[in-house]
There are 2 protein chains.
Amino acid sequence: MHEILRKTFEGNTNLPEEQWAFVLNHYKPRTTKRNEILLEKGKISQHLYFVVKGCLRIFLTDDDGQEATRFLVFEGSFGTAFPSFTLQQPSSASIQSIEPSELLVINYSDYQLLLETVPGWERMTRLSLQQDYIDAIMRIESLITLDAKERYNILLKKNPRLIQRLPNKFVADYLGISQETLSRLKSRKS
Amino acid sequence: MHEILRKTFEGNTNLPEEQWAFVLNHYKPRTTKRNEILLEKGKISQHLYFVVKGCLRIFLTDDDGQEATRFLVFEGSFGTAFPSFTLQQPSSASIQSIEPSELLVINYSDYQLLLETVPGWERMTRLSLQQDYIDAIMRIESLITLDAKERYNILLKKNPRLIQRLPNKFVADYLGISQETLSRLKSRKS
DNA sequence: TTCATTTATTGACTTTTGTCAACATTATTT
DNA sequence: AAATAATGTTGACAAAAGTCAATAAATGAA
């Protein structure tokens, strides 16, 4: 089960065998049920999740009960309420497991421990953060330059599995539009 | 002139005196004229800029000549076309110095050199990246959950100098809205 | 499988924002 | 200071997206 996690790390770093064991050991398996809430907003996020199977959703709720999806986390990716986890502050977002999922979980203090004790781990972390930041920048770009239809088309191209697999409403609020608008987009020609 | 840069770094790290000299030496002073273009889209970004005085703008242009501002970089902050600089790929964004500015500039290979040779510098970089990523996440949130007026109000509260100082049109496309909409927002009561 | 619940689609209408154009105002340059 | 260019405001209208409500379809649980 840790194999896929190791493969993911290996894109950015190369460790001696014993250190791999040390790192991977701090990621504990966990399974979740469909729609299980992993973090409620207002709490401090203590865990970073790696999705082996399934899908997580980091989302915001406002006072009217409106929801907006900040991130969707699929197989082979990491996710948490990042500002909360990093700064150890109450989270504005909640985390939900949309599907029954298999996760590997590291807690905040172990995350820090790896940074302190494993040589080269800081680099691993920096590189992965770099990529996350770039993804965020691209998302901002698409939000400020494209209309709903264009954003949908790009998502369809870049991440078709996401659209096939997820309930419409999650896709919609990930795109920052209403469910009805998405529904109309999909049936529109162009 | 390097003093403000050092102060900024010192929030995240603590170096012996000789290493400070080494780091700061790799940031070269540069001045720019109003509206000077520092990077054209399509080119690879070779420089990371620290703004001592003035203001930079990282912006996108489409085929119709429409512009959208990805980031505004003020005194005491770093900026570049990040995906291009990091991955050393052609940039989708351009960089412009909106005001006559004083910058401190490091090039890509020196940036890498500091990461390789200065102990603790990788951590400095990671922490600053973490904050940038958090800022990007918050910007995404505001784009998917708030309307133009709300986004404007938040910007007004969080960064009043930005609005006072910059031409309306830059503020507008930073918010992802048209100049006219911003103009109407400003005169609207609520 | 059936029932209950959740999710998706569609219509009618409203609100928000964008676009184009005219004009006013403010900066820059000479 | 005058001339020129850049920026800001406003109106009229168009387009995009949201909301509410009714219904259809799909899904999960018993």
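Numbered from 1 within each chain, the chains take letters A, B, ... in sequence-line order. All values derive from a computational prediction rather than experimental measurement. Side chains included, hydrogens not; waters and symmetry mates left out as well; all remaining heavy atoms used.
Between A:Tyr174 and A:Phe71, the ring center distance fails the sub-6.0 Å criterion.
No donor-acceptor contact under 3.5 angstrom links the side chains of B:Lys43 and B:Ser91, judged on distance only.
Atom pair B:Leu143:CG and C:dT17:C1' shows a separation of 14 Å (rounding to whole Å applied). Between the P atom of D:dT9 and the CZ atom of B:Arg188 lies a distance of 15 Å, rounded to the nearest Å. Between the CG atom of A:Leu175 and the P atom of D:dG18 there is a distance of 10 Å, given to the nearest Å. Here the P atom of nucleotide D:dT10 and the CG atom of B:Leu182 are 12 Å apart, to the nearest Å. Rounded to an integer number of Å, the gap from A:Ile144 CD1 to C:dT17 P is 16 Å. Across the protein-nucleic acid pair, A:Ile177 atom CD1 and D:dG18 atom P stand 6 Å apart, rounded to whole Å.
A:Ser183 has no side-chain polar atom (N or O) that falls below the 4.0 Å cut-off from OP1 or OP2 of C:dA8.
Neither B:Val73 nor B:Leu166 shares a network with the other; the hydrophobic side chains, linked directly or stepwise wherever heavy atoms of I, L, V, M, F, W or Y lie under 4.5 Å apart, form separate groups for each.
Side-chain atoms of A:Arg184 and base atoms of C:dG11 include a donor and an acceptor less than 3.5 Å apart.
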Legend entry - Dot-bracket encoding of pairs in DNA chain D, which uses [ ] for pseudoknotted crossings and | for another strand, Watson-Crick or G-U under 3.5 angstrom: ||||||||||||||||||||||||||||||
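Ring geometry, A:Trp20 versus A:Trp121: the interplanar angle exceeds 60°, so the pair is classed perpendicular (tilted spans 30 to 60°).
Both A:Asp147 and B:Arg34 lie close to DNA chain D; mapped to their nearest nucleotides by heavy-atom distance, the more 5′-ward contact belongs to B:Arg34.
One finds a salt bridge joining A:Arg165 and A:Glu75 here, because a Lys/Arg side-chain nitrogen approaches an Asp/Glu carboxylate oxygen to under 4.0 Å. We find that A:Arg70 and B:Glu141 are joined by a salt bridge, their nearest charged nitrogen and carboxylate oxygen being less than 4.0 Å apart.
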